[in-house]
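What follows is one structure encoded as structure tokens, with my remarks underneath.
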Amino acid sequence: MSVIEISSLKKRFGKVQALDGVDLSVEAGEVYGFIGPNGAGKSTTIRVLLGLLKASEGTARIFDKDVWHDAVAIHRDIAYVPGDVNLWNNLSGGEVIDLFCRLRKSHEHSYRDELIERFEFDPTKKSGTYSKGNRQKVALIAAFSVAARLYILDEPTSGLDPLMEQIFRQCIAEAKARGATVLLSSHILSEVEQLCDRISIIRSGKIIDSGTLDGMRHLTRNHVSLQTDAPPATLAGLAELPGVHHLKTDAAGMVSFDMDNAETAAVLAFLADKSIRHLVSTPPSLEELFMTHYVSH
Amino acid sequence: MSSLLGTLGLIRFILRRDRLYLPLWIIGLVTLSVFFVPMLPDMVGDEASKQALVETMKNPAMTMMVGPAFGSSYTLGAMYAQFMLVWVALGYGIMNVMFVIRHTRKDEEEGRLEMIGALPIGRNANLLASLLVILAANVLIALLTAATIPAFGVETIDFTGGLSYAFALSACGFSFAGIAALCSQITTRARGALGLGLALLGCAYLLRAMGDADANLELLSWISPLGAASRCEPFVGNLYWPVLLLFAEGLVFSGLSFAFSSARDIGAGLLPQRRGRAHASVLLRGEWSLAWRELRGTVIAWLVVCFVFSAAYGSVMGEMNAFIENNEMYQALVGVGGSTSDITNPVISMLMLIMSMIATIPVISAISRLRSEERRGRLEQLLAKPVSRSYLFAGYFVIAVATAVLMMLANAFGFWLAASSTLSEPMDMGLVFKVTASYLPAVIAFAGLAAFLAGALPRLISLAWVFLVYSFLAVYIGRTMDLPQWVARATPFGLLPSYPMDAFDWPLAIALVGVSVAIAALGAIVYRQRDMSAL
Ligand SMILES: Nc1ncnc2c1ncn2[C@@H]1O[C@H](COP(=O)(O)OP(=O)(O)O)[C@@H](O)[C@H]1O
Ligand SMILES: [Mg+2]
């Protein structure tokens, strides 16, 4: 059974079609990345999952319960960190953390003090004086203080410094080790690349690609660079091969191009007798994947 | 003067941001200032009823409530100025305080000034731009009001008097703009600055109430901008130097705010930030206790306001009695089988009516908080926890109703204590409490209305405020002068009988509370069904 199951989800705000048929399914125990440019519909999807917005069409279920009708029951087992954490100015950070833990009806927030220490957080300041990063820490500490079955995190690290981001990654790893499921929306692609088992890319309210990172790479191109002792003319046919793009040759004999993964065998066969001294083939980073999706569409 | 560089650009920016807000305030205040002029002759009626009204307006309770009557012949103009000026000036004060804080501390708290500060713009330019815009707005309001008033062609309400009336109001408003600019230097939170500014407005009202009630304390009335404004004697003496005094006060306060603003960091206030606690107390454990924690300061502050204002009103009862004893017309009334209470009861009823409306302010503001929490995106986090929307909604409604009861208790106690201390024998406690309680259903009705709006029509929540202002004017004027009955009866306060002159109408009171709870429940039902949105 999937932990999150969304199908043909649509959400309209007046004239704006924010979600235009989103399908998503997150399995138990996985860390799922949800990426897309600003305004693509990530937060809207998450707000529908939390029962804050009512879907215009389609269904969304968590733990096999309807996200709108069974919101309160579902929320007993989830933790949420919004991208924009708005706190109560007259409460201190420590008070907000305790309140959030208590609202989740949990009396064992055993990780609280440990997390406050790891995130180097001062809980005695009034919330109004915290920076964006510190407000995010409040939400993160509250979220990870109580063990949840599902963590829904909407760009949770956009205000954190690299050290704190590292702590955040550890928290995700620990949650995963406990068997929890994580839905992580982010635009920090290295973070997603490092943490997530599967990924969906959303654009203009539609999921345009999903799967494992490896799976996505199979459908795309690798970047190849090689050096040869043979005279440049012998490589002349390379540019004509199907699946070779952006071929560049420099004076020192360095050749580089992008290669459709499906054509790998044919390209290697062509290169076999061309006195190749060395060859490096790099899979695209998530960033490059992302860019190809947005540039080519 | 480099700290003021860019002021012109910012003025344009403010005008653009407020292209709706400012005109609405201007039209609203001009309308409020002149609205009753054309109706005045009808409201006052024939010579006999005019004489009765003169007696009413000259009694000490009225003087304490709205200021003294000026001039030996009490003309329509003199009556209009006495009857309206202080109340309307409160409206001007609120507008000025809200505008200045919105453009100074609020922008600073929300980080907008930081972005502006990074542009080649002086550090005091925003403060100056805000003050110049509000100054211009005040002058514009005064000119429009002065131009409108003679157009109605009401006897003794002429252009010269209108000009004096209009500038008294605007100058008083501007002095509060200066006070607000100072407040926004002191606290770091816009909400705190607004509270402080409005509290000072309340103090100004109390000062002038004390100064007007007792000739030995008249200096207090001069210290209060509201008192100074009524001392322009519009339509009577048409004095101008109080206007100059008030504008000068506004400029002095503005000047001080520049000095403080230059001396501090952006985002900082003059009051130091206190540290909070590392752990939440056991009391802060659920959505209701969070709501209470958010509203506690407001509720306590308004309890003090209600108690102090009621006590001020109550303290006039002693003078009321002396006034009745020395007044031939009243004595004649008492002589023909009436009793002193025939004259004091309507006064108590009126004073408690006004206090009930003041008590309604924190009630509406408690429920509006539910909406502003949503707008600020805080509910998003709360509702992502196992928190039911109905429970959250009910929490705010229950707190609002409890607030209503607390405020009314403070009103009754304050009034009774002060009245008893100025009278030779203690005031009838039961009477004061019953009069106060007779208005409670109306206050609860406003809780119901606000809850309905917060749930079902969140963007229109300010209609509750508009309706409260309407109720105040309709009932206050309707009780003293002749207005068509429906004008007051369209409001919860006007619908209820004027106890103790009329018998208390239990079925009506129960029905009013029942309807209030029902519309609040309707609000809750829609609230469960709708999107939570910051927009
Ligand atoms: N409450 C709302 N009312 C109207 N439009 C909205 C609302 N919330 C989001 N939108 C619009 O929906 C689209 C998706 O927004 P969002 O989900 O916040 O994007 P993301 O989180 O991916 O940056 C945007 O075009 C945004 O302007
Ligand atoms: Mg977003």
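Order of the sequence lines fixes the chain letters, A, B, ..., with proteins taken first and strands second; residue numbering starts at 1 for each chain.
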With no hydrogens and no angle check, is any side-chain donor or acceptor of [X] less than 3.5 Å from a backbone partner on [Y]?
| X | Y | result |
| --- | --- | --- |
| A/R102 | B/A280 | yes |
| A/N86 | B/R378 | no |
| A/H75 | B/V387 | no |
| A/S92 | B/A278 | no |

Interface moiety of [X] toward chain A, non-hydrogen atoms closer than 4.5 Å:
| X | result |
| --- | --- |
| B/T188 | neither |
| B/E373 | side chain |
| B/Q529 | both |

Short N-O contact, A/D98 and B/R277, less than 4.0 angstrom
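Salt bridge: no.
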
Quick one, [X] and [Y] - any side-chain contact, counting heavy atoms below 4.5 Å?
| X | Y | answer |
| --- | --- | --- |
| A/W68 | B/R528 | no |
| A/W88 | B/L290 | yes |
| A/T124 | B/H279 | no |
| A/I78 | B/K385 | no |
| A/E95 | B/L284 | yes |

Proximity breakdown for [X] and chain B, heavy-atom pairs closer than 4.5 Å:
| X | value |
| --- | --- |
| A/V85 | both |
| A/F100 | both |
| A/D77 | neither |
| A/L49 | neither |
| A/S127 | neither |

Find the distance between OG (B/S289) and CG (A/L103) and round it off to the nearest 0.5 Å.
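Output value for this atom pair is 7.5 Å.
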
To the nearest 0.5 angstrom, please state how far the CG atom of B/L383 sits from the CG atom of A/L50.
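The CG atom of A/L50 is 9.5 Å from CG of B/L383, to the nearest 0.5 Å.
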
Considering non-hydrogen atoms only, spot the tightest contact between A/N90 and B/R293 and give its length.
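A/N90 and B/R293 have their closest heavy atoms at O-NH2, 3.7 Å.
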
Options [options], ranked by heavy-atom pairs under 4.5 Å with chain A, top entry:
| options | answer |
| --- | --- |
| B/E380, B/M532, B/R376 | B/E380 |
| B/G192, B/G297, B/G377 | B/G377 |
| B/G286, B/G111, B/P386 | B/P386 |

Determine whether more than 12 heavy atoms belonging to other residues, nucleotides or ligands lie under 6.0 Å from atom [atom1] of [X].
| X | atom1 | answer |
| --- | --- | --- |
| A/K176 | NZ | yes |
| A/E27 | CD | yes |
| A/R12 | CZ | no |

I would like to know whether A/R47 and B/D531 meet salt bridge (Lys or Arg N to Asp or Glu O under 4.0 Å); could you show each step before the answer?
CA-CA 9 Å; A/R47 289 194 181 113; B/D531 285 352; over 6 Å; no

Evaluate side-chain contact (heavy atoms from CB on, under 4.5 Å) for A/V72 paired with B/Y391, printing each intermediate quantity in order.
CA-CA 11 Å; A/V72 176; B/Y391 186 63; over 6 Å; no

Using side chain to side chain contact (heavy atoms under 4.5 Å, CB included) as the criterion, point out the one residue from B/E294, B/R189, B/R191 that pairs with A/N89.
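Option passing the side chain to side chain contact (heavy atoms under 4.5 Å, CB included) with A/N89: B/R189.
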
Please identify, among A/I97, A/D84, A/L91, the residue contributing the most non-hydrogen atom pairs under 4.5 Å to chain B.
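Greatest number of close heavy-atom pairs with chain B: A/L91.
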
